[in-house]
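Side chains are part of it too, since the values below use all heavy atoms of this structure and drop only hydrogens, waters and symmetry mates. Convention: sequence-line order gives letters A, B, ...; per-chain numbering from 1.
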There are 2 protein chains.
Amino acid sequence: MRTAGFRNDIGGEQVECTHDLPYRIGDKWTAHVLRALQDGRRRFTQLRAEMPWVTPKVLAETLRAMERDGTVSREAFVENPPRVEYELTARGRKVLGLLDLCCDWARENLVET
Amino acid sequence: MRTAGFRNDIGGEQVECTHDLPYRIGDKWTAHVLRALQDGRRRFTQLRAEMPWVTPKVLAETLRAMERDGTVSREAFVENPPRVEYELTARGRKVLGLLDLCCDWARENLVET
DNA sequence: CCGCATCCTTTAGGATACTG
DNA sequence: CAGTATCCTAAAGGATGCGG
């Protein structure tokens with residue numbers, strides 16, 4: 001989802017665009033993180049516990065991407081042992097709304113084939 | 001989007017599932033093909049003309065995947081030169097509906113940041 | 001004209017081990 | 001605890017050329 005050369009007509013305007021969404025959402029773990037954070041802030045280890053299949057490297061990468069996108073906020077506490085908490089931003093909750101929309105669609109269209 | 005190990009609660013049931021959609025839609029070209037076919041059947045060359053950036057190999061791969069998914073139908077005419085036409089199936093129009101839903105969401109949520 | 005064969009590059013994602 | 005660092009594999013996608 002990161003390549004150039006397309007035209008898009010969102011908003012009625014035909015604009016040469018990159019075919020990018022401003023949010024990375026189609027990768028393997030972003031949707032799961034959105035879900036995991038929907039009930040409030042979580043720390044790194046909690047997220048790992050809720051997603052035992054993701055390695056720490058990939059989870060960290062996902063969270064950094066989401067932070068860049070502005071969908072999660074990161075708060076690091078200077079303690080020992082360290083503690084870091086993640087939380088959805090308003091923008092993150094909007095994107096979660098899209099995920100919910102897709103789930104609704106799936107419920108209505110995917111059950112019967 | 002093709003890995004195992006997840007739980008999904010679509011339809012209220014918690015089922016160990018593969019995290020697959022039955023339709024490949026997050027790849028690079030499927031959405032564009034859906035759009036290109038939304039107004040009726042097109043032949044291979046027409047699709048290429050509407051998407052000058054996709055190579056024939058990748059377009060053919062995409063169409064074959066969509067045919068397997070049951071979202072497009074393919075009709076080959078035994079002529080010379082050969083002619084092949086593609087068309088959305090009812091299922092394909094459903095998936096296009098999801099795409100439209102996402103576009104609506106984008107219009108409402110992505111214009112102002 | 002349609003699209004397959006071949007080869008190649010890029011990238012996402014995983015395994016494992018290690019630090020402040 | 002919360003990540004990095006390194007290395008690795010698989011898969012998507014692109015370039016080019018050929019064939020029915």
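Rounded to an integer number of Å, the gap from CD of B:Gln46 to C1' of C:dG3 is 17 Å. Separating the OH atom of A:Tyr86 from the P atom of D:dA2 is a distance of 9 Å, rounded to the nearest angstrom. In this structure, CE of A:Met51 is placed 12 Å from P of C:dG14, rounded to the nearest angstrom. Rounding to whole angstrom units, CG of residue A:Asp27 and C1' of D:dA11 are separated by 16 Å. At whole-Å resolution of the value, CG in A:Leu59 and P in D:dC1 are 14 Å apart. Across the protein-nucleic acid pair, A:Arg42 atom CZ and D:dG3 atom P stand 16 Å apart, rounded to whole Å. Separating the CD atom of A:Glu61 from the C1' atom of C:dA15 is a distance of 13 Å, rounded to the nearest angstrom. If you take NE2 of A:His32 and P of C:dA12, they are 17 Å apart, rounded to a whole angstrom.
Along DNA chain D, the nucleotide closest to A:Thr45 and the one closest to B:Thr62 are compared, and the more 5′ of them pairs with A:Thr45.
Shown are A:Arg83, A:Arg41, A:Glu87; of these, the side chain to side chain contact (heavy atoms under 4.5 Å, CB included) with A:Glu75 is made only by A:Arg41. Here the rule is side chain to side chain contact (heavy atoms under 4.5 Å, CB included) with B:Thr71, and of B:Arg93, B:Met66, B:Lys94 only B:Met66 fits it.
Here the closest heavy-atom approach between residue B:Thr62 and residue B:Arg24 is recorded as CA-NH2, 3.4 Å. Shortest non-hydrogen contact noted between B:Gly70 and B:Thr89 is O-OG1, 2.6 Å.
Between A:Arg64 and D:dG3, a side-chain N or O to OP1/OP2 separation shorter than 4.0 Å is absent. Residue A:Trp29 has a polar side-chain atom (N or O) positioned under 4.0 Å from OP1 or OP2 of C:dG14. Between A:Arg43 and D:dA2 there is a side-chain N or O to OP1 or OP2 distance below 4.0 Å.
Looking at heavy atoms from C-beta onward, A:Asn109 lies out of side-chain contact with B:Val95 at the 4.5 angstrom threshold.
Using a 4.0 Å cutoff on non-hydrogen atoms, the parts of residues 77-85 of chain A near DNA chain C are A:Pro82, ordered by number.
For B:Arg24, whose side chain is taken as the heavy atoms from C-beta onward, the closest listed nucleotide among D:dG13, D:dA2, C:dG3 is D:dG13. Between D:dG14, C:dC4, D:dC1, one nucleotide has an atom nearer to the side chain of B:Ala60 than all others, and that is C:dC4. The nucleotide whose nearest atom lies closest to any side-chain atom of A:Thr55 is, among D:dA2, C:dA15, D:dG13, C:dA15. Closest contact between the side chain of B:Lys57 and the listed nucleotides D:dT4, C:dG14, D:dT16 involves D:dT16.
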Side-chain polar contacts of residues 42-52 of chain A - donor-acceptor pairs under 3.5 angstrom, sequence neighbours left out - could you list them?
residue	atom	partner	partner atom	Å
A:Arg42	NE	A:Glu50	OE2	3.2
A:Gln46	OE1	A:Arg43	N	2.8

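Residues passing the side chain to side chain contact (heavy atoms under 4.5 Å, CB included) test with A:Leu101, sequence neighbours excluded: A:Leu98, B:Leu101, B:Trp105.
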